[in-house]
Student: 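Supplied in structure tokens, the structure appears directly below.
Quick caveat, the model's predicted, so the values are computed rather than measured. We use all heavy atoms of the structure for the numbers below, so side chains are in, but hydrogens, waters and symmetry mates are not. In what follows, chains carry the letters A, B, and so on, assigned in the order in which the sequence lines appear, proteins first and then strands, with residues in each chain numbered from 1.
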There are 2 protein chains.
Amino acid sequence: MNNIKKDNTEEKILDAAQTVFIRKGMDGARMQEIANEAGINKALLHYYFRSKQKLFEAIFKQVFKQIFPDIKAFIHAEIPIEKKLGIFVEKYIDLLMKNPYLPSFILQEIHRDPEFLASVIKGQGIDLHELFTMLGKEMEAGNIRKMDPRELMINILGLSIFPFAAKPLMQLIFFDNDKKAYKEFLKQRKETVKDFILNSILLKA
Amino acid sequence: MNNIKKDNTEEKILDAAQTVFIRKGMDGARMQEIANEAGINKALLHYYFRSKQKLFEAIFKQVFKQIFPDIKAFIHAEIPIEKKLGIFVEKYIDLLMKNPYLPSFILQEIHRDPEFLASVIKGQGIDLHELFTMLGKEMEAGNIRKMDPRELMINILGLSIFPFAAKPLMQLIFFDNDKKAYKEFLKQRKETVKDFILNSILLKA
DNA sequence: ATTTTGTTTAACCAGATGGTCAAAATTAGA
DNA sequence: TCTAATTTTGACCATCTGGTTAAACAAAAT
């Protein structure tokens, strides 16, 4: 078969590039380092992807997709809002625990090249309208406090993402650089963030 | 006077370096660009600061100091906790509105060189003990919900910082890239974040 | 005025880096 | 098996980048 080897090499490159780009960012990453990580010749990188920029864009798109957990299910599930939010937070933090490097990488690159970010987002076709409608209905029904739904979403994201994005700093000043303790803290966040949010927005009858 | 000219140039360099480093990060910044920004010869950078690394460290320390707003006052003021937290959030968001680039820069660099970060922090002598004691007392007194004070602090920071750190992304997906609207949103956050937090942790008698 | 000290510059250098290319090696097809 | 196409490599190149240096320039000191 023609594709077995090809796919294999291409995949090796993508894996290696993801590792290096995420660790060092576009500016800090070196093509040679990616080649080493993939165990191949540097020229092969240019054979499969024309340039560093092109390779990076492939990686960024690939990585970026991961940061949108199953939003559809979140919106349309027939369960109470507090359960919905709980599941959303849990899924999100689970994702970040498996990919703790994601936030810093994304945050770094969205600042470095916002135009490219815009093109990627447009290509994703995210529809927030449904999400906002759903939240609006919950507010109308008196289930949660009335507020700008964008505010609510950004709060959820901030509470979930920030501890990962700022990990080295938070671990250092609040946990005496105790890696295990911080990991445990992040794990518990699935519960504590959910509680924190619900405590704030739930209207107890 | 000997120092007039010297201080002037050194300051010009520091200003220029801060601008460029914050915009591009350590890896993305170029010495030539800093020199241009300062309107001087590139060799002068090395005359005043031995190397790029040394210059960067000077900038990082300088910038890093700014991210700790007056915590002492926050701890010891003789006002109710809800007012304290409100003031803290307001001060923090004010700081970020004046320096919207700060979060992304810090987040980027704490990942790039955590050891250096550690050395800077040790040199700052931050005492969180007092802060935690104060929060503990408020919990004991039944003024706020009992919780890990580190959790509370990280929540406050996340809610305040995240919208700035993720600005290009949030502005794009939630505000249709409307710069003014997002700025207005950030301004209102001084109130909404405070409300969000207090709603969550305040125990109404 | 002249020396001395400190400041600034243009020219240059060595190493790194992204990228190219022709040849070698491997694979597929006849 | 022999040929054609594809994949992989080592060597190489142009450019960029941090850093150096010797000389020009300015300012103090004598």
Student: Any ion pair linking B:Glu138 and B:Lys84 (charged N to carboxylate O, less than 4.0 Å)?
Tutor: no
Student: Hey, is the side chain of B:Arg30 poking within less than 4.0 Å of OP1 or OP2 on D:dC16, counting only N and O atoms?
Tutor: no
Student: D:dT7 P sits how many Å from A:His46 NE2, rounded?
Tutor: 18 Å
Student: Looking only at side-chain atoms of A:Met31, point me to the closest of C:dG19, D:dT20, D:dG10.
Tutor: C:dG19
Student: If you compare every side-chain N and O of A:Thr9 against the phosphate oxygens of D:dT8 (OP1, OP2), does one of them come in below 4.0 Å?
Tutor: yes
Student: Can you measure from CD1 (B:Ile67) to CD (B:Gln124) and round to the nearest 0.5 angstrom?
Tutor: 8.0 Å
Student: Measure CZ/A:Phe49 against P/C:dG19 and give the value in whole Å, please.
Tutor: 13 Å
Student: Quick one: which of C:dT8, D:dT9, C:dG19 gets closest to the side chain of A:Ile40?
Tutor: D:dT9
Student: Using a strict threshold of under 4.0 Å (side-chain N to carboxylate O), is an ion pair present between B:Arg112 and B:Glu109?
Tutor: yes
Student: Please confirm whether the shortest side-chain N or O distance from A:Tyr47 to OP1 or OP2 of D:dT6 is below 4.0 Å.
Tutor: no
Student: What is the distance, to the nearest angstrom, from the CG atom on A:Leu44 to the P atom on D:dT6?
Tutor: 15 Å
Student: Could you tell me how far apart A:Lys54 (NZ) and C:dG19 (C1') are, to the nearest whole angstrom?
Tutor: 14 Å
Student: Taking NZ, NE, NH1 and NH2 as the nitrogens, is one of them in B:Glu191 or B:Lys194 under 4.0 Å from a carboxylate oxygen of the other?
Tutor: yes
Student: May I have the distance from A:Asn8 (atom CG) to D:dT6 (atom C1'), rounded to whole angstrom?
Tutor: 16 Å
Student: Could you say whether A:Ala43 or A:Asp27 is positioned toward the 5' end of DNA chain C, judged by the nucleotide with the nearest heavy atom to each?
Tutor: A:Asp27
Student: Using a 4.0 Å heavy-atom cut-off, does B:Ala35 contact any base of the nucleic acid, only the sugar-phosphate backbone, or nothing at all?
Tutor: nothing
Student: Could you give the CD-to-C1' distance, from A:Gln32 to D:dC12, as a whole number of Å?
Tutor: 14 Å
Student: Atom CG of A:Leu45 to atom P of D:dT7: distance rounded to whole Å?
Tutor: 15 Å
Student: State whether B:Lys137 and B:Glu140 are salt-bridged, where the test is any N-O pair (Lys NZ or Arg NE/NH1/NH2 against Asp/Glu carboxylate O) under 4.0 Å.
Tutor: no
Student: Which nucleotide, D:dG19, C:dA10, C:dT7, lies nearest any side-chain atom of B:Tyr48?
Tutor: C:dT7
Student: Expressed in angstrom and rounded to an integer, what is the separation of A:Asn36 atom CG from C:dG18 atom P?
Tutor: 12 Å
Student: Between D:dG10, D:dG18, C:dG19, which nucleotide has the shortest distance from any of its atoms to the side chain of B:Lys52?
Tutor: D:dG18
Student: Any N or O donor-acceptor pair linking the side chain of B:Lys42 to the base of D:dG19 at under 3.5 Å?
Tutor: yes
Student: Could you work out which one of D:dT9, C:dT9, D:dG19 sits closest to the side chain of B:Ser51?
Tutor: D:dG19
